[in-house]
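A short write-up of the structure that comes next.
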There are 2 protein chains.
Amino acid sequence: MATVERLPVYLHALDRLRRAGIATISSAELAERSGVTSAKLRKDLSHLGSFGTRGVGYDVEFLHRSIADWLGVHEPLGVVIVGLGNLGHALATYRGFATGGFRVAGLIDVDPQVVGRSVSCGDTSLVVRPVDDLAEIAEYAQIGVIATPGSAAQDTCDRLVASGIKHILSFAPRFLSVPPGVEVRAIDVGVELQILAFRQRQSAVSPASTTSRPRHAAPVTGAVSA
Amino acid sequence: MATVERLPVYLHALDRLRRAGIATISSAELAERSGVTSAKLRKDLSHLGSFGTRGVGYDVEFLHRSIADWLGVHEPLGVVIVGLGNLGHALATYRGFATGGFRVAGLIDVDPQVVGRSVSCGDTSLVVRPVDDLAEIAEYAQIGVIATPGSAAQDTCDRLVASGIKHILSFAPRFLSVPPGVEVRAIDVGVELQILAFRQRQSAVSPASTTSRPRHAAPVTGAVSA
DNA sequence: GAGGTTTGTATCACCCGTTCACAAACGCCT
DNA sequence: AGGCGTTTGTGAACGGGTGATACAAACCTC
């Protein structure tokens with residue numbers, strides 16, 4: 001469902017509104033802050049229930065809690081990060097884990113130089129452990145994050161799957177083949193840049209294309225997904 | 001066009017095939033290595049010409065060059081990276097820039113502690129410069145990358161746009177509003193994780209869902225965008 | 001209670017992307 | 001030279017998502 005891919009965006013916007021002390025918001029305004037149309041927003045929300053009050057709008061706190069509950073944010077999911085290079089470090093120290101309903105269950109790296117080091121994850125701090133500990137850590141993790149070089153990505157993926165992980169987020173520039181029942185979401189910075197580059201070169205050749213194709217004139221937000 | 005979003009994936013797979021010394025490949029095999037179906041691959045390629053020979057397949061070298069030319073990889077585009085935290089560092093040292101047709105034109109940060117530091121980008125090395133130098137650097141850059149905290153994202157985005165940058169890749173967990181004619185691709189790790197988390201919880205509740213919905217049983221690859 | 005506002009929903013057409021099926025073209029083998 | 005198996009390239013059907021529209025129901029204010 002395409003709606004599921006947008007709900008986290010709404011949730012994030014609501015979170016900021018909540019912090020800003022705004023108690024009520026209309027579908028039109030929330031939609032604008034999320035990069036969608038108001039009709040789409042209301043249709044998305046209608047799929048999971050009825051949360052607003054007509055004539056007023058949505059209670060920010062209530063809607064936030066409702067979406068969070070529906071997404072299941074209430075009890076955190078364990079995340080194991082494999083590969084503690086620059087990217088892995090950035091992910092480990094990412095503050096969005098706690099607020100988004102996640103908990104870093106473990107850090108893994110192959111490099112003996114890196115294993116044993118302590119990395120601060122949010123409020124706590126974790127020690128990087130060797131690859132052999134993956135199966136053990138995976139007991140407490142439901143999601144695996146691959147931040148290794150591309151050459152190690154498939155192997156890492158196989159190990160994660162063998163450890164029972166069924167949901168993987170990969171940053172490696174490779175297509176990962178997994179058995180049925182396992183879901184992989186891939187974020188490839190190189191691919192994203194090349195898409196942008198193509199658009200850039202296209203608009204450089206025909207700058208008037210934005211007017212000839214009005215549907216692309218509006219800001220486009222690419223999700224990683226799709 | 002959705003085809004454009006997949007061409008870089010094909011290009012990458014072809015690049016690895018080329019390095020592996022494989023001279024010819026069929027659409028079926030290349031499709032499998034790219035995570036798509038053969039029909040989709042062939043249709044994608046048909047949009048930009050006819051490259052294969054029937055009964056044989058595609059010449060890896062020729063197809064690689066053709067797609068690269070079509071995407072315009074031949075002359076590198078300048079990329080300016082704003083925000084040199086862990087993520088910014090990871091991006092700056094990313095080796096995919098050179099091979100993907102990019103060139104790091106500059107590094108920007110607000111923190112005086114970070115400004116002036118030298119960061120190795122591929123074969124060369126660059127000095128981090130203050131935000132005020134953005135306009136100057138943007139002369140040589142066509143793409144801007146936002147790797148700042150979310151709180152600084154919109155401001156950074158505005159500065160990039162003011163400097164003439166029209167294509168932006170953002171990693172900040174925020175929806176960025178830009179004027180018409182400017183394209184933003186947003187990669188939000190938190191959103192990706194929440195989508196995965198939802199799927200995880202769903203499959204945990206009804207593990208048989210993979211059989212009841214066979215179209216999701218196969219590995220799914222999410223692009224950041226869509 | 002009247003009026004204005006906003007949600008929630010139903011319906012419809014449309015467009016894009018995917019999938020299917022098949023003819024055309026090629027190499028190979030005899 | 002000609003048939004045969006293989007693979008490309010593509011026209012056509014299919015389906016999901018989107019956007020537009022419309023409108024009734026519900027709420028607040030006055």
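Quick note on labels: first sequence line is chain A, next is B, and so on, each numbered from 1.
Annotation: of the two residues near DNA chain D, A:R6 and A:T53, the 5′-most nearest-nucleotide partner is A:R6.
Taking the side chain of A:S46 as heavy atoms from C-beta on, and the options C:dT19, C:dT9, C:dT7, the nearest nucleotide is C:dT9. Which of C:dG17, C:dG27, C:dT7 sits closest to the side chain of B:M1 comes down to C:dG17.
The side chain of B:T37 contributes an N or O atom lying less than 4.0 Å from OP1 or OP2 of C:dT19. The phosphate of D:dC27 has neither OP1 nor OP2 within less than 4.0 Å of any side-chain N or O from A:Y58. For the OP1/OP2 pair of D:dG9 and a distance below 4.0 Å, the side-chain nitrogens and oxygens of B:S50 include at least one atom meeting the criterion.
Atom CZ of residue B:R33 and atom CD1 of residue B:I22 lie 5.0 Å apart, to the nearest 0.5 angstrom. A:R201 CZ to B:H74 NE2: the interatomic distance, rounded to the nearest 0.5 Å, is 6.0 Å. Atom CG of B:L41 and atom CZ of B:R6 lie 9.0 Å apart (nearest 0.5 Å). How far CG of B:L77 is from CD1 of B:I143: 5.0 Å, rounded to the nearest 0.5 Å.
In this structure, the CG atom of B:L41 is 12 Å from the P atom of C:dT18, given to the nearest Å. Taking atom CG of residue A:L63 and atom C1' of nucleotide C:dT6, one finds them 14 Å apart after rounding to whole Å. Regarding B:K40, its NZ atom lies at a distance of 19 Å from the P atom of D:dT10, rounded to whole Å. When rounded to the nearest whole Å, the span between CD1 of A:I25 and P of C:dT7 equals 10 Å. Rounding to whole angstrom units, CG of residue B:D44 and C1' of D:dT8 are separated by 14 Å. Look at CZ on A:R54: it is 9 Å from P on D:dA25, rounded to the nearest Å. Spacing between atom CZ of A:R42 and atom C1' of D:dT18 amounts to 14 Å, rounded to whole angstrom units. Counting to the nearest Å, the P atom of C:dC12 and the NZ atom of A:K43 are 13 Å from each other.
Taking the six-membered ring where tryptophan is involved, the planes of A:F97 and A:F102 are perpendicular, since the angle between them exceeds 60° and thus also 30°.
Residue B:A2 is in sugar-phosphate contact alone, with no base atom involved, counting any heavy-atom pair closer than 4.0 Å across all strands shown.
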